[in-house]
Undergrad: 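Below is one structure. I have some questions about it.
When a ligand or atom number is given, it counts from 1 through the structure's own listing order.
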Amino acid sequence: MVEYDVIIIGAGSVGVPTALATAESGLKTLVIDSLPSVAQGDNKHAIGGIRATHSLKSKIWLCQRSIEIFSSWEDKFGDDIWWSQGGYTFLAFNKEHENQLKDTVELQKSYGLNINYVDAEKIRNIIPGINNDGLLGGTYSPEDGSSSPLLAIHAFYRKSKEFGAEYNFNEEVIDITTKNKKITGVKTNKAEYKTQTVINAAGGHAKNIGNMLNIDLPVIPESHEAGITEPVKKFFSTMVIDINPTIDEKFGNSKNYYFYQNKEGKILFCLTPNPNIHGIDRRETSAFLPQISKRMVQLLPRLRNIKIRRTWRGLYPMTPDGNPIVGKVDGVEGYINAVGMCGQGFMLGPGLGELLSRLLTEKETSRDKEILETLSWIRDFGVEEELK
Ligand SMILES: Cc1cc2nc3c(=O)[nH]c(=O)nc-3n(C[C@H](O)[C@H](O)[C@H](O)COP(=O)(O)OP(=O)(O)OC[C@H]3O[C@@H](n4cnc5c(N)ncnc54)[C@H](O)[C@@H]3O)c2cc1C
């Protein structure tokens with residue numbers, strides 16, 4: 001039986017950049033996914049937003065590194081992954097949100113992020129045509145951006161294979177074997193593999209993998225819908241996030257929604273329903289489109305005649321505090337969590353992959369240690385991320 005240095009469960013937003021980093025550092029890497037090809041889990045449901053402007057230092061650090069990787073990829077390796085540095089804009093329509101954003105900006109600036117709270121006039125320049133009725137201002141972080149999840153993960157996949165990573169698709173992990181509390185291998189519906197290290201990067205199904213080792217992970221799949229329009233001439237570059245909750249008796253309440261215009265001129269959009277919808281149902285609903293189009297047209301009236309191409313529904317692997325769970329687990333040597341990415345797995349993936357590779361090769365930096373401590377599965381999950 002072939003022995004691998006590391007087996008990664010899941011070829012998605014996290015598993016693929018992790019395989020890229022582990023294979024590059026010389027580890028014999030196998031990635032197993034139950035789906036027929038790469039990035040067919042929730043990576044392909046992401047709309048492609050990438051920001052470092054979080055409220056948790058660990059996520060800021062991870063995503064700063066991710067942005068370096070996304071933004072330099074084309075120059076370094078030649079693949080166009082549609083990286084666009086259009087910035088992120090969070091809008092404030094009431095004093096409470098204005099104060100919340102201003103407070104977060106202070107914190108973000110203290111971590112060296114390029115972000116400012118700007119007035120409604122400046123927002124009108126960033127988002128031409130915005131209906132600024134009641135708009136007080138918002139944050140603008142010009143170094144954040146977007147990329148195509150499919151193009152990026154496929155580019156990472158190809159590169160990881162050049163470094164020697166192997167992928168087995170259409171194969172489901174059904175058990176992880178141990179001896180004396182140490183990982184010894186992985187069992188799938190097709191074969192058995194030897195390894196001393198397993199990374200759980202199973203996204204919305206991460207809890208099932210944890211259960212194989214009696215590790216009860218607080219990761220709950222939460223369904224979110226998104227959509228894409230026809231292409232129109234590019235007229236704004238930023239990701240727009242409206243955090244104003246809305247009551248809609250006919251189609252359902254929503255907490256927030258966000259959208260941006262991609263490299264082809266298509267607008268990608270996504271909404272957070274209120275209350276959240278838990279479960280793994282990926283069937284689109286008839287309520288999403290009327291709910292979000294009403295909000296988007298009210299905010300940006302020039303969108304009213306644009307045609308929607310399609311909508312879809314996918315999963316955020318949610319944790320109680322909105323932050324990922326990363327790192328080793330006491331009592332099961334060789335098992336590593338890379339789970340609970342919430343709505344940010346695509347942007348976290350590349351930075352996280354490199355950290356995990358350093359963890360396996362015992363090259364962790366002091367910053368890595370701090371991140372791993374913050375994102376440990378044993379932590380106080382009561383303190384929620386401000387901008388999850
Ligand atoms: C509508 C929507 C919009 C989003 N927008 C963004 C965004 O703009 N930016 C962003 O950063 N994130 C966004 N996300 C979140 C992002 O998609 C997720 O956080 C991310 O995909 C999670 O990455 P992952 O690698 O953990 O999971 P996935 O990408 O889902 O990969 C997990 C893989 O594990 C495999 N797997 C599971 N169990 C097994 C098993 N037993 N055996 C073998 N394989 C298994 C699955 O088949 C899957 O391919 C969005 C999500 C949705 C739904």
Undergrad: Excluding sequence neighbours, so at least two apart, what forms ring-ring contact (aromatic ring centres under 6.0 Å, His included) with Phe156?
TA: Phe70, Trp73

Undergrad: Within the structure, is a non-hydrogen atom of Gly204 found at a distance of less than 4.0 Å from ligand 1?
TA: no

Undergrad: Between Ala202 and ligand 1, find which residue part has any heavy-atom pair under 4.0 Å and reply side chain, backbone, both or neither.
TA: both

Undergrad: Between Tyr260 and ligand 1, which part of the residue brings a heavy atom under 4.0 Å of the ligand: side chain, backbone, both or neither?
TA: neither

Undergrad: So is Met239 in contact with ligand 1, going by heavy-atom distances below 4.0 Å?
TA: no

Undergrad: Is ligand 1 less than 4.0 angstrom away from at least one heavy atom of Ile209?
TA: yes

Undergrad: Indicate whether any N or O donor in one side chain lies under 3.5 Å from an N or O acceptor in the other, for Thr104 and Ser55.
TA: no

Undergrad: Does His205 approach ligand 1 within less than 4.0 angstrom via side chain, backbone, both or neither, non-hydrogen atoms only?
TA: side chain

Undergrad: Using 0.5 Å steps for rounding, measure from the CG atom of Asp281 to the OG atom of Ser223.
TA: 6.5 Å

Undergrad: Is any N or O atom of Val173, backbone or side chain, closer than 3.5 Å to an N or O atom of ligand 1?
TA: yes

Undergrad: Using heavy atoms and a threshold below 4.0 Å, how should the contact between Arg313 and ligand 1 be classified: side chain, backbone, both, or neither?
TA: neither

Undergrad: Determine, considering heavy atoms only, which of Leu268, Asp33, Leu35, Asp42 sits nearest to atom 30 (O) of ligand 1.
TA: Asp42

Undergrad: Which of the listed options, Ala338, Gly10, Ala226, holds the heavy atom that is closest to atom 34 (O) of ligand 1?
TA: Gly10

Undergrad: Any chance CD of Gln298 has more than 12 other-residue heavy atoms, nucleotides or ligands included, within less than 6.0 Å?
TA: no

Undergrad: Under 3.5 Å, is there a donor on one side chain and an acceptor on the other for Asn168 and Lys190?
TA: no

Undergrad: Under 6.0 Å from the CD atom of Glu264, do we count more than 12 heavy atoms belonging to anything else shown?
TA: yes

Undergrad: Drop me the distance from Leu271's CG to Ser254's OG, to the nearest 0.5 angstrom.
TA: 4.5 Å

Undergrad: Tell me which part of Ser146 gets within contact of ligand 1: side chain, backbone, both or neither, using heavy atoms under 4.0 Å.
TA: neither

Undergrad: Around atom CD of Glu333, are there more than 12 heavy atoms from other residues, nucleotides or ligands closer than 6.0 Å?
TA: no

Undergrad: Please work out whether any backbone atom (N, CA, C, O) or any side-chain heavy atom from C-beta onward of Val339 is under 4.0 Å from ligand 1, and answer side chain, backbone, both or neither.
TA: neither

